[in-house]
Amino acid sequence: MASKNSLTKSISVVLCIMLLCFTFFVSAIPAKAADTKKAEMPSGIGYDKVSETIENYWKEHEKTAAGMVISVFDRDGVIYSGSFGYSDKEKKIRTDQSTVFQWGSVSKMLIWTSAMQLKEQGKLELDKDIRTYLPEGFLKRLSYEKPITMLDLMNHTAGFEDIILGVETMYKDDIRSLPDYLREHQPKQVYEPGAVTAYSNWGASLAAYIIERISGTDYYKYVKENIFNPLKMNNTAISTDLSDNKAVQKKAAELKYYTNEGESTGEPLRYINLYPAGMCNSDLRDIESFAMGISNPESGLFKNKETYEELYSPSYFLGDTKYEVNCHGLWAMEFGENVIGHSGNTSGCTSCIYFDKKTGAGIAIMTNQSGEYSFCHEMVSMLMGKPEIKAKEDFNGYIVSTRSIFSGPFKVLSIFSSSDVTSDQLANINADRCTMQGVDKISVPGADFVIIGGAEYYGMNIPLYLWTAAVLFAFICLWVKAIGFVRHRKDNIKKPLTRWTVICCIITIMSLFAAIPGIMSIMSDFTWTELEYKFWSGTYLAIGVASAALIIFGIIAVIRERLKAKQIVFCSGIMLSLTAVIFNIIYWQLYEFWVI
């Protein structure tokens, strides 16, 4: 019996030692490391400090805020969610988890998710010429032989100029079907595919149309069936007028919009013809469901985990560096080395989704302020981090943004996209100078800046200087004529030329002032109808023709009237003013009303 007891004790001791060793081994490796990593956000803020950080930050910015909803999550669930401020400040209606906000460009994440689903099914090739998926001859303004691929659309490297007309409208009569709008409003391809990053709502919506063509159903129906329903997103709408979810449509109309300073815009809900690129509306729970779904390989959005891995993998880099800029449509680098996602902005709301692609820790925010920065950028940076990137070299010179308009009546807006910059001004952004496919550029996430010479930079400004000088000269001439009329002085120039002078001055002055309402409409939150823009551009065609006719009349009259030298100089000044008008109309292509 003694030996038996001794044996039993020995076995017990050995088992205890083995158990202790196993416990030590398990507690010392991956599981413990994972727990530690899971306990904090990518910025290093612990999960237990997230609520305090957010609520304190809200208090600091409450005076200039309107309404905000936020969710912080990881792959195990929601870490924190909250609603702040008002959906209607004037009526003191507070936001809550059922308040519906616009996603803006966060909606594009649905496009890229859909594309990856079709790629997974073998129905879409990311590196194939997109013309094979489109009706024959659909793309009419291509400038390069190199084909555009779906990956180019994801990376915003297809080379399209920007487009603004009809993207948003307040009028239901201006709503077009997606294929009709894409066909009727095609931007010009101004860069070779792959040469530059030029953010494009039109290009993203073209990708959605390709999804329509491949799937055989309307894009919004595809998204509902393959994304919204699997993730139980029952409080989300995405079609142009939000009619795909009547409850959301009603709630969206109740939301009031505010500026970045918290002042009411007084603007109603706008319809977006390029709806796949920015029309999605939902409450907090649904954007949270999507954010957690796309950040978690276990969510079921894709059948294979390899598809998630491909989605998260870099598809475009910052210039010649190793820094990731784009991961198949999801922007990278802004908030940390492994953080990807998308932000969005409409005329009424700002939103964002960002997550760490390794841990799944992320954030989703929606506000009812256009151009909102404090929460959708600064607070995101507090929680998600900010990379330390040193990929710059000294640069002093002139640049123009690739996200601009370079043809048609809105070409004049390109003047606002050009500037002279120094290295100090580039120091606070992630940028790298490089040359790709013959284009010398400052590579920046979202929209590169092409380097131009001083002659080209000032060449964009000189036409406007000449135009302004012509208008000032016309004002002076009219003022002199008015003084002479009041004092009953006889004109030195005979009456036909007197009337000609007055008409020329009025045309010259009108040519510049006619631009003001159009440019103000384009630059502000107010929008004209398409017909009004066509009339505006058509007016310039009429002004140009009238100016040319007046110049011809002036030349003939000067020859016939045998004027004195001073009178000839005066008349020549009038005709040069009209020439400056014609030059600007042609240079800025203001007459091309058919392009609108």
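The figures that follow rest on heavy atoms only: side chains count, while hydrogens, waters and symmetry mates do not.
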Visitor: Walk me through it: do Y354 and L383 pass the test side-chain contact (heavy atoms from CB on, under 4.5 Å)?
Guide: CA-CA 10 Å; Y354 285 99; L383 294 168; over 6 Å; no
Visitor: One pair to check against side chain to side chain donor-acceptor pair (under 3.5 Å): D74 and Y47. What are the steps and the verdict?
Guide: CA-CA 10 Å; D74 67 7; Y47 284 6; 3.0 Å; yes
Visitor: Check whether the ring centres of Y312 and H328 lie less than 6.0 Å apart, and answer yes or no.
Guide: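 So the answer is no for these two rings.
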Visitor: Looking at residues at least two apart in the chain, or sitting in another chain, which of them share a side chain to side chain contact (heavy atoms under 4.5 Å, CB included) with V400?
Guide: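 For V400, the residues satisfying side chain to side chain contact (heavy atoms under 4.5 Å, CB included) (neighbours in sequence not counted) are F406, S417, S418, V450, I452.
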Visitor: Give me each pair satisfying salt bridge (charged side-chain N to carboxylate O under 4.0 Å, His left out) with a member in residues 82-95, each pair once, sequence neighbours excluded.
Guide: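 Listed once each, the pairs would be none.
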Visitor: Mark yes or no for whether S381, through its side chain, and H377, through its backbone, hold a donor-acceptor pair below 3.5 Å.
Guide: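 No: the side chain of S381 does not pair with the backbone of H377.
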Visitor: Show me the pairs that pass salt bridge (charged side-chain N to carboxylate O under 4.0 Å, His left out) and involve residues 105-126, at least two apart or across chains.
Guide: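 Every salt bridge (charged side-chain N to carboxylate O under 4.0 Å, His left out) pair that includes a residue of residues 105-126, provided the two are not neighbours, is K119-E310.
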Visitor: Is a side-chain N or O of T350 found less than 3.5 angstrom from the main chain of G371, in a donor-acceptor match?
Guide: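 Pair found, side chain donor or acceptor close to backbone of G371.
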Visitor: Partners of D244 by side chain to side chain contact (heavy atoms under 4.5 Å, CB included), sequence neighbours excluded?
Guide: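 Testing D244 for side chain to side chain contact (heavy atoms under 4.5 Å, CB included), a comparison that skips the adjacent residues, returns Y220, A237, I238, S239.
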Visitor: Among all residues two or more places apart in sequence or in another chain, which pass the salt bridge (Lys or Arg N to Asp or Glu O under 4.0 Å) test with D356?
Guide: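 For D356 there are no salt bridge (Lys or Arg N to Asp or Glu O under 4.0 Å) partners, ignoring immediate neighbours.
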Visitor: Taking salt bridge (Lys or Arg N to Asp or Glu O under 4.0 Å) as the test, write out the residues that go with R285, two or more places apart.
Guide: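 Partners of R285 under the salt bridge (Lys or Arg N to Asp or Glu O under 4.0 Å) test: E288.
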Visitor: Applying side-chain contact (heavy atoms from CB on, under 4.5 Å), run through W331 and V325 and close with a yes or a no.
Guide: CA-CA 6 Å; W331 294 107; V325 167; 3.7 Å; yes
Visitor: Quiz question: by atom type and distance under 3.5 Å, do the side chains of S205 and Y181 form a donor-acceptor pair?
Guide: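 No pair is found: no donor N or O on one side chain lies under 3.5 Å from an acceptor on the other.
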Visitor: Establish, from distance only, whether the side-chain atoms of Q102 and T346 form a donor-acceptor pair under 3.5 Å.
Guide: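 There is such a pair (donor and acceptor under 3.5 Å, judged by atom type) between the side chains of Q102 and T346.
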Visitor: Judged by atom type as modelled, is there a donor-acceptor pair below 3.5 Å linking the side chain of T95 to the main-chain atoms of F84?
Guide: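 Present.
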Visitor: Using atom types as modelled and distance alone, determine if a side-chain donor or acceptor of D448 lies under 3.5 Å from a backbone N or O of T402.
Guide: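 It does not hold such a pair.
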Visitor: Decide yes or no on side chain to side chain donor-acceptor pair (under 3.5 Å) for N396 and T422, but give the supporting numbers first.
Guide: CA-CA 4 Å; N396 294 280; T422 66; 4.6 Å; no
Visitor: Go through the structure and list residues passing ring-ring contact (aromatic ring centres under 6.0 Å, His included) with Y257, not counting sequence neighbours.
Guide: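 In terms of ring-ring contact (aromatic ring centres under 6.0 Å, His included), with neighbours along the sequence ignored, Y257 is linked to no residue.
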Visitor: Can you find a side-chain donor-acceptor pair between D286 and T236 that sits under 3.5 Å?
Guide: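 Side chains of D286 and T236: pair found under 3.5 Å.
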Visitor: Regarding S315 and N155, is there a side-chain donor-to-acceptor distance under 3.5 Å anywhere?
Guide: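 The criterion, which ignores hydrogens and geometry beyond distance, is satisfied for N155 and S315.
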Visitor: Please table the atom pairs, donor to acceptor, closer than 3.5 Å between any side-chain atom in residues 221-228 and protein atoms at least two apart or in another chain.
Guide:
unit_1: Y222; atom_1: OH; unit_2: Q117; atom_2: OE1; d: 2.8
unit_1: N226; atom_1: ND2; unit_2: Y222; atom_2: O; d: 2.9

Visitor: Looking at residues at least two apart in the chain, or sitting in another chain, which of them share a salt bridge (Lys or Arg N to Asp or Glu O under 4.0 Å) with E306?
Guide: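 Counting only residues at least two positions away or on another chain, E306 forms no salt bridge (Lys or Arg N to Asp or Glu O under 4.0 Å).
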Visitor: Salt bridge or not for R433 and D440, using N-O below 4.0 Å?
Guide: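 Result for this pair is yes, salt bridge flagged.
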Visitor: Just to verify, what does E324 make a salt bridge (Lys or Arg N to Asp or Glu O under 4.0 Å) with, not counting sequence neighbours?
Guide: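 Testing E324 for salt bridge (Lys or Arg N to Asp or Glu O under 4.0 Å), a comparison that skips the adjacent residues, returns K357.
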Visitor: Quick one: side chain to side chain contact (heavy atoms under 4.5 Å, CB included) partners of E60, sequence neighbours excluded?
Guide: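 Partners of E60 under the side chain to side chain contact (heavy atoms under 4.5 Å, CB included) test: Y57.
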Visitor: Do any pairs count as a ring pair (Phe, Tyr, Trp, His ring centres under 6.0 Å) and have a residue in residues 85-116, sequence neighbours left out, and if so which ones?
Guide: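 For residues 85-116, and leaving out neighbouring residues, the ring pair (Phe, Tyr, Trp, His ring centres under 6.0 Å) pairs sorted by first residue read W103-F290.
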Visitor: Run the side-chain contact (heavy atoms from CB on, under 4.5 Å) check on H61 and E372 step by step: do they pass?
Guide: CA-CA 11 Å; H61 296 82; E372 199 285 318; over 6 Å; no
